[in-house]
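Below is one structure, written out as structure tokens; comments come after it.
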Amino acid sequence: MASIAFIGLGNMGGPMAANLVKAGHKVVAFDLVAASRDQAKADGAAIAESTVAAVKGAEVVVTMLPAGRHVLSVWNEVVPAMAKGALIIDCSTIDVESAKQSHALASKHGVGSVDAPVSGGTGGAKGATLTFMCGGEEKAFAAARPVLENMGKKIVHCGGAGAGQAAKICNNMILGISMIAVSEAFALAEKLGLSHQALFDVASTSSGQCWSLTSYCPVPGPVPTSPANNDYKPGFAAALMVKDLTLAQDAATAAGAATPLGKHAQEIYKAFDAAGNGGVDFSGIIRHVRGLSGK
Ligand code: NAD
């Protein structure tokens, strides 16, 4: 079992750290927020006074933070304090450029590094069923895998530095676009007098089939576990979808890739967020889509 420092104990990091404790690792945790530290302590982690104190003697460091600037700031603090040959894994969703910069910092200090953003949301974090999309050198990935297996079900090595972040934003761009497509189809069906169940029964077994329809249906009924059945409580909040679509657009601009539907999806989710719906599940976008018809 490893000695692991875990920094960033929010909605995702808290339960992920708890799963590492459950797996038998010695976990030393830190977060800026006292309530998150208290929860981690109740979950069995030791609590450090600071980021740097948390990583002292750690074989593996895991960060789970809001955005690229937080990751760079924390890695700049902790990487120089880590032992040579130790490993640092960032599970946050951040921009590809910051991910590459953090890998370069680790490499400069002789520390192995992996970018490993997740999909699966807070349910996956609690249930240890996350998917990890990893970027980094083969040796670092091989060292990270057994740690990640305690927090997730599927671990994919996508390529070199930043490849995990690239995979994550490409996937979530598909998700954002497809949820709007499915919502538009239901809104049109409603106008045409077609029942939700009839559209679902046809499209879920036809060429319109996709995850946004069959696992996360934006209308109540056909998929009982989808947030639509629970007044669109997240799940995956619309504000996070705006974040990921914005990361995708930034990457597309930097790389010179044309992503017109990704751009439009970003605009639609931004409008939904600006109307006070940032905390609503992203499948609640169907309400916004219906509203666009003016009735
Ligand atoms: P969160 O805001 O709940 O947690 C982030 C935590 O980081 C907070 O507790 C904050 O206090 C802490 N933090 C910030 N700066 C810090 C510092 N300098 N030192 C120590 N702690 C610090 O966010 P979350 O929902 O847990 O998401 C974390 C990451 O995972 C984000 O990048 C997000 O995009 C990604 N993600 C979230 C979900 C989801 O459903 N919530 C799903 C997939 C990916």
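Numbers here are sequence positions counted from 1. Atoms within each ligand, like the ligands themselves, are counted from 1 in listed order.
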Against heavy atoms of [X], which atoms of ligand 1 measure under 4.0 Å?
{"X": "I7", "result": "20 (C)"}
{"X": "N11", "result": "3 (O), 25 (O), 26 (O)"}
{"X": "L240", "result": "34 (O), 38 (C), 39 (C), 40 (O), 41 (N)"}
{"X": "S92", "result": "32 (O)"}
{"X": "K243", "result": "31 (C), 32 (O), 33 (C), 34 (O)"}
{"X": "V33", "result": "11 (O)"}
{"X": "K168", "result": "43 (C), 44 (C)"}

Among protein heavy atoms, which sits nearest to [atom], and what does the distance come to when rounded to 0.1 Å?
{"atom": "atom 27 (O) of ligand 1", "answer": "M12 CG, 3.8 Å"}
{"atom": "atom 40 (O) of ligand 1", "answer": "G121 CA, 3.6 Å"}
{"atom": "atom 29 (C) of ligand 1", "answer": "L65 O, 3.4 Å"}
{"atom": "atom 15 (N) of ligand 1", "answer": "L32 CD1, 3.7 Å"}
{"atom": "atom 30 (O) of ligand 1", "answer": "M64 CE, 3.1 Å"}
{"atom": "atom 18 (N) of ligand 1", "answer": "V74 CG2, 3.4 Å"}
{"atom": "atom 4 (O) of ligand 1", "answer": "G10 CA, 3.3 Å"}
{"atom": "atom 36 (N) of ligand 1", "answer": "T93 OG1, 4.0 Å"}

Checklist entry - Does atom 23 (O) of ligand 1 have a protein non-hydrogen atom under 4.0 Å from it? => result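 No, there is no protein heavy atom closer to it than 4.0 Å.
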Checklist entry - Within a distance of under 4.0 Å, is there any protein heavy atom near atom 2 (O) of ligand 1? => result no
Next on the checklist: The criterion is ring pair (Phe, Tyr, Trp, His ring centres under 6.0 Å); which residues satisfy it with F141, sequence neighbours excluded?
Outcome noted: H157
Next on the checklist: Before you tell me yes or no, could you show the steps for L213 and F186 under side-chain contact (heavy atoms from CB on, under 4.5 Å), namely the whole-Å CA-CA distance, both residues' side-chain angles and the distance that decides it to 0.1 Å?
Outcome noted: CA-CA 10 Å; L213 177 69; F186 275 110; 3.6 Å; yes
When you measure from the side chain of [X] to the backbone of [Y], do you find a donor-acceptor pair of N or O atoms at a distance under 3.5 Å?
{"X": "N229", "Y": "G221", "value": "yes"}
{"X": "N19", "Y": "M151", "value": "no"}
{"X": "D273", "Y": "A239", "value": "no"}

Checklist entry - Between atom CZ of F6 and atom CG of D43, what is the distance when rounded to the nearest 0.5 Å? => result 11.5 Å
Checklist entry - Which option out of S50, G8, P66 puts a heavy atom nearest to atom 14 (C) of ligand 1? => result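 Going through S50, G8, P66 one by one, P66 has the nearest heavy atom to atom 14 (C) of ligand 1.
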Checklist entry - Considering only heavy atoms, which of D281, D31, V71 lies nearest to atom 8 (C) of ligand 1? => result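 Comparing heavy atoms across D281, D31, V71, the nearest one to atom 8 (C) of ligand 1 lies in D31.
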Item to check | D250 and T253 side chains, donor-acceptor separation under 3.5 Å | outcome: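 Checked: T253/D250 side chains show no N/O donor-acceptor pair below 3.5 Å.
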Item to check | Donor-acceptor pair between T63 and W75 side chains, under 3.5 angstrom | outcome: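 Judged by distance alone, the side chains do pair up.
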Item to check | Note: R287-D231 ion pair, threshold 4.0 Å (strictly below) | outcome: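 Between D231 and R287 there is a salt bridge, with a charged N closer than 4.0 Å to a carboxylate O.
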Next on the checklist: Suppose the criterion is side-chain hydrogen bond (donor to acceptor under 3.5 Å, both in side chains): which pairs have a residue in residues 276-286, not counting sequence neighbours?
Outcome noted: Y216-D281, D281-S283
Next on the checklist: Testing K168, Q165, H103 one by one against D115 for a side chain to side chain donor-acceptor pair (under 3.5 Å), which residue passes?
Outcome noted: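 Of the listed residues K168, Q165, H103, the side chain to side chain donor-acceptor pair (under 3.5 Å) partner of D115 is H103.
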Checklist entry - Do other residues, nucleotides or ligands put more than 12 heavy atoms under 6.0 Å from E59 CD? => result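 Correct, the count exceeds 12.
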